[in-house]
Amino acid sequence: MADATGPSAAPATSAETEKKTSVGIVEPESKPQTAEIKRWGDMVDDEEQPGDTASSSDDKVVEELKVDKLAIDDSKKINKFLDDPEDSSIQAVTSGDTPYTSAATFEDLNLSPELLKGLYVEMKFQKPSKIQAISLPMILTPPYKDLIAQAHNGSGKTTCFVLGMLSRINPNVKRPQALCICPTRELSIQNLEVLQKMGKYTGISSECAVPMDSGNNDRSRSRPPIFAQVVIGTPGTIKRLMSQKKLSIIDMQVLVFDEADHMLAKDGFQDDSLRIMKDIERLNAQCQVLLFSATFDETVKNFVSRIVRKDYNQLFVKKEELSLDSVKQYKVYCPNEVTKITAIKDRILELGESLGQTIIFVNTKRSAGMLHKALVDLGYEVTTIHGALTHEDRDKIVKEFKDGLTQVLISTDVLARGFDQQQVNLVINYDLPVKYETPSEPHYEVYLHRIGRAGRFGRKGAVFNFVMTDRDMMIMEKIDKYFGTKVKEVPSWNSEEDFKAALKEAGLL
DNA sequence: AAAAAAT
């Protein structure tokens, strides 16, 4: 148990010279991938790492995996309407000399028959996505090392950690063995639903640990202890259950942080997350920690690499390759609030359901309420979600949207991350996401997460960024520069043709 | 003071 923690705890076989090859991640040899490029071991973290991590980065091997788009198209693309989200590089850094082989099929992963059945029958998956192919062997191969994994929005990260949790449960132990912490109630519920679907045939028990009925007076202290084998929830509730001894962590094998960059940011849930992690670590030093997100800015990246166990694996994507090609981004100049509302009304809502579903992001609850009232007063059916609503209302609004009963959802950043609704083709940034402390700076991570609500799993999508002020103009320029994109301008907010042309170009009309 | 979580 304790021997799995130290850097020296690598498996007995430690042939220094074999390190490069033994660490390798082998691409599935299925296709004639002549265009595949591999680069080995020469580039350690391109970030400047002071002395403290020198020893750990020495024994890491970096590999850049690139699959040429054409090679994929030629070979196995079945659905030509889906852009392949896999065709960008993921940078893998493995540690120690554990060999990993990329999983070409789910069968390669030694999953239980019940779990495989869940993947094929319930989830209707055929083969692992790129992040799944690379990360799952790292997650599932003993010795169980911590993993920091970045992958594109909608590329299937949830499946990675859900499979990780499900496949490590001892069915005979009827106590919590896997814990997943999420930033919002909605994401916790969504992840639990995925886990229950995927694990349908496994008999594994699971439970959500999120704040309960807000409607009544807080009698929530009478919550019973948790015996479920997998627990997914929000930090405050998890922390409370732990301190009340209603959530046993003695058997914990896997600890997952979804949206890990936010969970471990100091303006996020750093304190709660660290507390939970430390408590579990203290009782259970071998517990595997998995950190997943589409974004890790340099600060967080540096921080998280220090808090996981020394001998960890990591997968990262360059920020210039993080934007989804399948989601076309636009900016629209609107001189004032009224024109923003008119543009939504005349250019978007009037098109009706042909666009699929739409999410309109705003920066504040007040802005959400204002826009909601304006559109409802104009006679349109929109729903709105933000953190000031009751839990019941939030659940209801999300459910209606997921069931397709509502087409247009106004939201604060409560749904910016992780929310997965495949029918969302259009995202509107009614307000541009900015950093709170420095409102002239874009919030790059929030921007990327918001636009990632469209284009799930390679689907086509469009984003309209409403630009009202000079400051907004600058923010869009900074976003372009940061992500290496060139967000096109819709010439006139008042032109039906302009919008239709944009939507057509995005593949939505 | 913000989004969110929770006290």
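Here is the naming used below: chain letters follow the sequence lines, and residue numbers restart at 1 for every chain. Quick note: numbers below take in every heavy atom, side chains included, and nothing from hydrogens, waters or symmetry partners.
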ask   = Is A:Glu381 atom CD crowded by more than 12 heavy atoms from other residues, nucleotides or ligands, each under 6.0 Å away?
value = no

Picking from [options], which would you name as closest to the side chain of [X]?
X: A:Phe269; options: B:dA4, B:dA2, B:dA6; value: B:dA4
X: A:Tyr436; options: B:dA5, B:dA2, B:dA3; value: B:dA2
X: A:Thr234; options: B:dA3, B:dT7, B:dA6; value: B:dA6
X: A:Arg240; options: B:dT7, B:dA4, B:dA1; value: B:dT7
X: A:Glu437; options: B:dA4, B:dA2, B:dA6; value: B:dA2
X: A:Thr184; options: B:dA6, B:dA5, B:dA3; value: B:dA5

From [atom1] of [X] over to [atom2] of [N], roughly how many Å is that when rounded to an integer?
X: A:Arg366; N: B:dA1; atom1: CZ; atom2: P; value: 14 Å
X: A:His391; N: B:dA5; atom1: NE2; atom2: P; value: 7 Å
X: A:Asn363; N: B:dA1; atom1: CG; atom2: P; value: 18 Å
X: A:Ile359; N: B:dA3; atom1: CD1; atom2: P; value: 18 Å
X: A:Gln244; N: B:dA6; atom1: CD; atom2: C1'; value: 12 Å
X: A:Ile385; N: B:dA3; atom1: CD1; atom2: P; value: 14 Å
X: A:Met263; N: B:dA6; atom1: CE; atom2: C1'; value: 13 Å
X: A:Leu415; N: B:dA2; atom1: CG; atom2: P; value: 19 Å

query = Salt bridge between A:Arg417 and A:Asp261, side-chain N to carboxylate O under 4.0 Å?
reply = yes

How is [X] classified with respect to the nucleic acid when contacts are heavy atoms under 4.0 Å: base, sugar-phosphate, or nothing?
X: A:Arg450; answer: nothing
X: A:His386; answer: sugar-phosphate
X: A:Asp267; answer: base
X: A:Lys365; answer: sugar-phosphate

A:Asn429, A:Asn465, A:Asn153 screened by side-chain hydrogen bond (donor to acceptor under 3.5 Å, both in side chains) with A:Arg450, the one that passes = A:Asn429

Any A:Thr412 side-chain nitrogen or oxygen under 4.0 Å from OP1 or OP2 of B:dA2 = no

message = salt bridge (charged side-chain N to carboxylate O under 4.0 Å, His left out) for A:Glu505 and A:Lys488? Distances and angles first, verdict last.
response = CA-CA 11 Å; A:Glu505 183 185 50; A:Lys488 283 191 187 174; 2.4 Å; yes

inquiry  = Distance criterion of 3.5 Å, no angle test: do you see the side chain of A:His443 paired donor-to-acceptor with the base of B:dA2?
reply    = no

task = Please name the pair of heavy atoms, one in A:Thr412 and one in A:His386, separated by the smallest distance, quoted to 0.1 Å.
result = CG2-CB, 3.5 Å

